[in-house]
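Before any comments, here is the structure.
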Number of protein chains: 2
Amino acid sequence: MRISELSRRSGVPNATIKYYLREGLLPPGRATAATQAEYDETHLRRLRLIRALTGVRGLSVAEAKQVLDAMTEHRNDTHELLGIAFGIRPAGTGAPDAAEAHPEAAALVDAMGWSVSAGNPARQTIDRTLETLRSLDIDYDWRALLPYAELAERTARHDLDRIAAITDPLEKAEHAVLLTFLLEPALMALRRLAQENESTARHTGEGPAARPAPPEGRDR
Amino acid sequence: MRISELSRRSGVPNATIKYYLREGLLPPGRATAATQAEYDETHLRRLRLIRALTGVRGLSVAEAKQVLDAMTEHRNDTHELLGIAFGIRPAGTGAPDAAEAHPEAAALVDAMGWSVSAGNPARQTIDRTLETLRSLDIDYDWRALLPYAELAERTARHDLDRIAAITDPLEKAEHAVLLTFLLEPALMALRRLAQENESTARHTGEGPAARPAPPEGRDR
């Protein structure tokens, strides 16, 4: 397809597509004339991924390029690709860091029996959040996160199930990025809705959640 | 305590405290002289809440004031207070809206049997996220969120358990705000860590998650 159709189908303006081409976020099309090139579905998919990384989740163009380059480089190693997709630093956290730098995350990962790379930037988020809570006199340490970690484990299983059917490794990683990033606001919104429902059940006696809670524990 | 000690214990600069006093986010202290006032623990707690709302989660001072005013107004209605605490619009969403405006969230809430107010702004986040995913050719509707909703339900139960022991309604609502807001990055970080672990288990055969997954279903 021409760049104009690529623009129409992706909803990304011509000028922005050309900018991505110049910056190397989008691979060049197949030249059909001195001033024309043909683009295909891979360009369309890549454009959507760029938009998800920059537009929806606010990575800089440079950050997005790093992610995309890494994904292309490891295109034949699904696990490596997913690691890149899942390891993109959560918004508001700094650069990846060593495990020792985040002792509470390390203790949590250990207690959960998870195998997680030392460089996963989510470790930093765990320790920072706990530090913030304690700075507010809320007594909270990694043990308090264990029930949430068990639910996160089941959430991740749904996430991986969701992309299990995709065979093309790069496409699989692209979906992993999209679902990881784009679902985050929805998952937090679900928690808000469930909180209101639970509060209604406990404080007004309405709602199904008024039923006694089941015994907790690692149901796996 | 004097404003200087309030500043020391809260970590909030004198000038900022005076600004909050002028803007009405912080109730005035008890005047002890023409230019002096005494502050107490309620001021300290309120300051921490203001910092959590503005600093950590990026509400504007005006937005924070609205939340605080509403919490003070409803201080004797725990459910109302928690509704305010939980209903604060998730970052990146617009103003509260009617349920009909968000049909997918309405269908999800209905399917879950939740009692949630029509004005809960999280409804908007649900519909917007699904629209975004579909704009990226990811086939996703509210049904796909059901497994996540069931996990969110259990997460909310942990949240409410966490603050159940607090008797003072206003303090309970303050904790609800803090935990709702401040835990969000950590919960998403837990998902990232669990995703890497699950990916490791599935693609390299390492890790405890290599065990077969249990049959899913609403274990409540």
Side-chain angles (χ1 to χ4, degrees), chain A residues 48 52 56 78-79 82-83 86-87 90 92 109 113-117 120 122 125-126 129 132-133 136 138 145 147-149 151-160 178 180 182 184-200 202-204 206-208 213-214 219-220, chain B residues 48 52 56 78-79 82-83 86-87 90 92 109 113-117 120 122 125-126 129 132-133 136 138 145 147-149 151-160 178 180 182 184-200 202-204 206-208 213-214 219-220:
Chain A
R48 292 179 171 140
V56 183
T78 298
H79 178 56
L82 291 179
F86 294 143
V109 165
W114 286 346
S115 58
V116 173
S117 61
N120 190 316
T125 309
I126 300 294
T129 301
T132 303
L133 284 169
L136 295 165
I138 295 186
L145 293 179
Y148 295 112
L151 294 170
E153 198 168 61
R154 297 184 55 191
T155 303
R157 200 171 298 130
H158 288 301
D159 295 331
L160 273 286
L178 292 173
T180 296
L182 301 189
E184 285 187 348
L187 297 184
M188 292 300 91
L190 287 172
R191 179 180 176 227
R192 302 286 186 96
L193 294 171
Q195 284 172 326
E196 184 184 342
N197 172 68
E198 184 72 15
S199 174
T200 302
R202 294 192 187 201
H203 302 109
T204 70
E206 298 164 14
D219 38 40
R220 43 179 305 162
Chain B
R48 291 177 171 143
V56 182
T78 297
H79 178 56
L82 291 178
F86 296 142
V109 165
W114 285 347
S115 57
V116 173
S117 61
N120 190 317
T125 309
I126 300 294
T129 301
T132 303
L133 285 169
L136 295 166
I138 295 186
L145 293 180
Y148 295 112
L151 293 170
E153 197 169 62
R154 297 184 53 190
T155 303
R157 202 171 296 129
H158 289 300
D159 295 330
L160 273 286
L178 293 173
T180 297
L182 301 189
E184 283 187 350
L187 297 183
M188 292 299 90
L190 287 172
R191 179 180 174 224
R192 302 285 186 94
L193 295 172
Q195 283 172 328
E196 184 185 339
N197 172 68
E198 184 73 14
S199 174
T200 303
R202 295 192 186 201
H203 303 107
T204 70
E206 296 164 16
D219 40 36
R220 43 180 303 170

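The structure displayed is predicted, hence computed values, not measured ones. Letters A, B, ... mirror the listed sequences (proteins, then strands); counts begin at 1.
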Rounded at 0.5 Å granularity, tell me how far [atom1] in [X] sits from [atom2] in [Y].
X        : Y        : atom1 : atom2 : answer
A:Arg157 : B:Asn197 : CZ    : CG    : 9.5 Å
B:Leu178 : A:Ile138 : CG    : CD1   : 4.0 Å
A:Thr125 : B:Glu184 : OG1   : CD    : 13.0 Å

* **Working for side-chain contact (heavy atoms from CB on, under 4.5 Å), residues B:Leu193 and A:Ile126** => CA-CA 10 Å; B:Leu193 295 172; A:Ile126 300 294; 4.1 Å; yes
* For B:Thr180, does its backbone N or O pair with a side-chain atom of A:Arg192 as donor and acceptor, under 3.5 Å? ->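 No, because the side chain of A:Arg192 does not come within donor-acceptor range (under 3.5 Å) of the backbone of B:Thr180.
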* Asked: Which residue out of A:Val109, A:Leu151, A:Leu133 racks up the most heavy-atom pairs below 4.5 Å with chain B?
  ->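 Going by pairs under 4.5 Å, I would pick A:Leu151.
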For the residue pair [X] and [Y], what are the closest heavy atoms and their distance?
X        : Y        : result
B:Ala189 : A:Ala122 : O-CB, 3.4 Å
B:Leu190 : A:Trp114 : O-CH2, 4.0 Å
A:Ala152 : B:Ala194 : O-CB, 3.6 Å
A:Asp159 : B:Gln195 : OD2-NE2, 3.0 Å

* To do: Would you check if A:His158 and B:Glu198 make a side-chain contact, meaning some heavy-atom pair closer than 4.5 Å?
  =>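 Side-chain contact under 4.5 Å: no.
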